[in-house]
Amino acid sequence: MGEVDPAFIQAEEHRPKLTFSEAESIPLIDLSVLINSPETPNPTAIEPLVAEIEEACRTWGFFQIINHGVPLEVRQKIELASKKFFALPVEEKRKVKRDDINPLGYYDTELTKNVRDWKEVFDAIPGDESLRKLVNRWPDYPPEFRKAFEEYAKEMEKLSYRLLELISLSLGLPANRLSGFFDQHSSRMRLNHYPPCPIPHLALGVGRHKDGGALTILAQDEVGGLEVKRKADGEWIRVRPTPDAYIVNVGDIIQVWSNDKYESVEHRVIVNSEKERFSLPFFFNPDHTVMVEPLKDLTTKQSPAKYRAYNWGKFNANRRRSNFMKLDVENIQIYHFRINEEAS
């Protein structure tokens with residue numbers, strides 16, 4: 001990334017500590033009881049699992065999963081293809097660079113909260129491109145890139161629906177209560193590369209933020225660097241890499257659907273002065289046309305809706321604008337739709 005641009009420098013209050021806490025990490029949940037069961041698992045058999053999901057979503061907003069059913073070789077193929085792509089000369093990577101019209105492809109000057117991130121990324125959308133307005137930009141090299149991406153994305157989609165059902169059950173709802181919002185889902189997958197950084201005490205791989213969508217499923221390598229803001233005291237907690245595990249977090253949409261029972265939690269990525277880091281987030285998002293609002297099943301006269309309805313497609317487009325340009329104000333957040341309790 002050449003000489004250090006002042007655009008990377010975080011405000012003093014947001015700079016990372018080089019010493020970090022791993023004393024208590026996010027919950028680790030074993031999905032084997034679900035993965036090894038028939039299509040419709042016995043509700044009694046998965047009750048303990050649903051209770052673990054509920055506890056993790058309510059207290060952390062994050063959890064790790066193991067025995068999740070994603071074949072290791074599928075993950076290894078996309079990880080290798082990602083490393084090959086990011087090792088290309090920058091001129092080659094920029095042949096598939098995203099722009100203001102199409103936000104898919106390669107990018108190396110992304111902003112989070114108006115500060116440049118120390119990373120480079122590649123974005124694409126899963127599924128049938130003919131059904132979507134945006135078109136993926138596939139690189140010529142490595143030749144196996146697209147196939148590896150699409151195979152992995154299919155596994156992420158299957159896992160996302162299973163997690164969505166568990167979260168629905170954990171809210172006391174039928175397993176399929178949320179699935180209808182995802183018939184033409186607008187999900188996105190990203191490949192992240194964080195090069196070694198000479199100023200890890202001043203810059204971040206990704207600045208503090210909350211995910212605007214429904215669910216995020218993250219594969220991180222052995223280097224690590226993800227930090228989660230603990231709800232109990234606001235302390236930043238480093239998530240220890242667990243081999244072959246995935247990190248899951250609920251996004252803003254689930255916070256709104258649950259009427260604040262579950263909270264979308266701030267997180268960030270720390271950079272390393274010696275080692276590069278790779279990660280693969282899958283952002284599971286509903287249809288563009290979905291109006292997001294607290295579910296009527298979860299609101300009562302005593303606990304009324306805390307948010308006005310908003311359109312996911314417009315919200316997402318507005319949020320993504322701030323990835324490209326520095327804005328004078330913070331980008332759109334769900335608190336902009338919060339209902340004033342005093343006025344209600």
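In this structure, CD1 on I78 lies 12.5 Å from NZ on K147, to the nearest 0.5 angstrom. Atoms CD1 and NE2, from I26 and H267 in turn, are 10.5 Å apart once rounded to the nearest 0.5 Å. For the atom pair NZ (K119) and CG (L204), the distance works out to 11.0 Å, reported to the nearest 0.5 Å. For the atom pair OG (S170) and CD (E52), the distance works out to 12.0 Å, reported to the nearest 0.5 Å. In this structure, E227 CD and I270 CD1 are separated by 3.5 Å, a value rounded to the nearest 0.5 Å. Here the straight-line distance linking atom OH of Y194 with atom CD of Q220 works out to 9.5 Å at 0.5 Å rounding.
Side chain to side chain, S186 and N285 fail the donor-acceptor criterion of an N or O pair below 3.5 Å. Side chains of E165 and N176: a donor-acceptor N/O pair is absent below 3.5 angstrom, by distance only. Residues D211 and N249 bring a donor and an acceptor atom of their side chains to less than 3.5 Å of each other. For the residue pair H185 and E157, a side-chain donor N or O sits within less than 3.5 Å of a side-chain acceptor on the partner. In this model, a donor atom of one side chain and an acceptor atom of the other lie less than 3.5 Å apart for D252 and S264. No side-chain donor from either of D287 and T289 sits under 3.5 Å from a side-chain acceptor of the other. With hydrogens and angles left out, the side-chain atoms of Q64 and R240 include no donor and acceptor closer than 3.5 Å. Using modelled atom types, one finds a donor on one side chain and an acceptor on the other under 3.5 Å when comparing E276 with H193.
Of all heavy-atom pairs spanning H68 and A245, the tightest one is NE2-CA, 4.4 Å. Minimum heavy-atom separation, V90 to Y106: CG2-OH, 4.1 Å. What you find for R162 and I35 is that their closest heavy atoms are NH1-CD1, 2.8 Å. Across all their heavy atoms, L104 and A124 have their closest contact at CD2-CA, 4.1 Å. Here the closest non-hydrogen pair linking L49 and D30 is CD1-O, 3.8 Å. The two residues S25 and V239 come nearest to each other via the heavy atoms OG-CA, 3.9 Å.
The aromatic rings of W257 and F182 sit perpendicular, their planes meeting at an angle over 60°, well past the 30° parallel limit.
K275 NZ: 12 or fewer foreign heavy atoms inside a 6.0 Å radius.
Salt-bridge formation is not detected for the pair E266/K210: no Lys NZ or Arg NE/NH1/NH2 atom is positioned less than 4.0 Å from an Asp or Glu carboxylate oxygen. Electrostatic pairing of D140 and K95 does not count as a salt bridge here, judged by no charged N lying under 4.0 Å from a carboxylate O. The existence of a salt bridge linking E110 and R116 is excluded, since no basic side-chain nitrogen approaches an acidic carboxylate oxygen closer than 4.0 Å. Ion pairing of E144 with K77 is absent here, as no side-chain N (NZ or NE/NH1/NH2) approaches a carboxylate O to less than 4.0 Å.
Under the 6.0 Å cut-off for aromatic ring centres, Y307 and F337 do not qualify, their centroids lying 6.0 Å or more apart. With ring centers used as reference points, F122 lies under 6.0 Å from F85.
Geometrically, R268 engages W236 in a cation-pi contact, judged by NZ or CZ lying under 6.0 Å from the ring centre and within 45° of the ring axis. The cationic atom of R75 (NZ for Lys, CZ for Arg) lies less than 6.0 Å from the six-membered ring centre of Y246 and within 45° of the ring axis. K84 forms no cation-pi arrangement with F145, by the criterion of a distance under 6.0 Å to the ring centre and an angle within 45° of the ring axis. F283 carries R188 over the face of its six-membered ring, with the cationic atom under 6.0 Å from the centre and within 45° of the normal.
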Can you list the steps and then say if L298 with K261 is a side chain to side chain contact (heavy atoms under 4.5 Å, CB included)?
CA-CA 9 Å; L298 301 177; K261 178 178 181 181; over 6 Å; no
